[in-house]
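Shown next, in structure tokens, is the structure this report addresses.
Values reported hereafter were calculated over all heavy atoms of this structure, with side chains retained and with hydrogens, waters and symmetry mates removed. Given the structure is predicted, the values throughout are model-derived calculations rather than measurements.
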Protein chains: 2
Amino acid sequence: MEPEIGNFETEMNRGFLQILVLALLKKEMYGYAMVRTIRDLGYEVEENTLYPLLRRLEKNGWVRSKWDVSEDRPRKFYAITDRGRALRSGLLGIWKKQNDILKRIMKEK
Amino acid sequence: MEPEIGNFETEMNRGFLQILVLALLKKEMYGYAMVRTIRDLGYEVEENTLYPLLRRLEKNGWVRSKWDVSEDRPRKFYAITDRGRALRSGLLGIWKKQNDILKRIMKEK
DNA sequence: TAATATAATGTGTCGCACACAGTATGTCAA
DNA sequence: TTGACATACTGTGTGCGACACATTATATTA
């Protein structure tokens, strides 16, 4: 694939990553674990992308966090809020709509 | 839905609109017609979003354009190039991957 | 004991969606 | 016939988010 697609991959991440994070937060999770989970799903994320995304979501009340210092190493655990759940379902709705449109177009001649 | 989702809708458009445009260009089309086509598909686009997107795609050789002045009103018709087709299939691959991941996550637990 | 993995924060850049502004022609109703 | 609205574009400016680069600090492993 061409080098210029790099830019497009960035664009493709926008939106998708937000949904993905909100979806993964069905279970509480800390940032680094989420990076690894996403990679295990076969998708590449930058830590420099995910950490700010989580903080942004928190700043706006879609997720909340608390430090867990009981384990060997301090970890910031994130949980989704009710507002976050509402946002998630809204975004999933948009995603589904987009997906339907693409499928429809690619199908017809 | 919350007012802040507005921002997210913008983010959701990134990536999606690029694929959509490349997909719609299976047939030659001019900008304004594409705006209306997309709206007819039930999706809202700004002209201020679509026109620059088309120009950007052309600048990088994924589409090409020619003015049609034979009709009542001059129109800039866009057509996809071979490179554009390659890009489209690459982006569709990414989209599918993302879609599979989301479906998988939403299904489990 | 040095390298690597874990777990996070912060600053800076660049591209894109979209707001706002403007140009110009065609159509249609009052 | 004129004024509103649709059609069909171009161009500038702003703000936000992905990611590069830099840094801190502890745990694990070779």
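A salt bridge links Glu28(B) with Lys66(B): at least one charged nitrogen is closer than 4.0 Å to a carboxylate oxygen. The existence of a salt bridge linking Arg14(A) and Glu11(A) is confirmed by a sub-4.0 Å separation between a basic side-chain nitrogen and an acidic carboxylate oxygen.
Listed candidates were dA17(C), dG17(D), dC19(D). Nearest to the side chain of Thr10(B) is dA17(C).
Annotation: proximity of residues 71-79 of chain A to DNA chain D (heavy atom, distance under 4.0 Å) is found for Asp72(A), Arg73(A), numbered in ascending order. A heavy atom closer than 4.0 Å to some atom of DNA chain C occurs in Arg14(A), these being the qualifying members of residues 13-20 of chain A. A heavy atom lying under 4.0 Å from DNA chain D marks the following residues of residues 33-47 of chain A, by number: Glu46(A).
Applying the ring-ring contact (aromatic ring centres under 6.0 Å, His included) rule to pairs touching residues 23-52 of chain A yields Phe16(A)-Tyr43(A), Tyr30(A)-Phe77(A), sequence neighbours excluded.
Every side-chain hydrogen bond (donor to acceptor under 3.5 Å, both in side chains) that Glu44(B) has, sequence neighbours left out, goes to Arg39(B). A search for salt bridge (Lys or Arg N to Asp or Glu O under 4.0 Å) contacts involving Arg64(A) returns nothing, not counting sequence neighbours.
Tested against Asp100(B) for a side chain to side chain donor-acceptor pair (under 3.5 Å), the candidates Arg104(B), Lys97(B), Lys96(B) yield a single pass: Lys96(B).
Using modelled atom types, one side-chain atom of Lys26(A) and one backbone atom of Ile105(B) make a donor-acceptor pair closer than 3.5 Å.
Residue-level contact check: Arg55(B) touches the bases, meaning some heavy atom is under 4.0 Å from a base atom.
Nearer the 5' end of DNA chain D, as judged by each residue's closest nucleotide, is the contact made by Gly31(B), out of Gly31(B) and Pro52(B).
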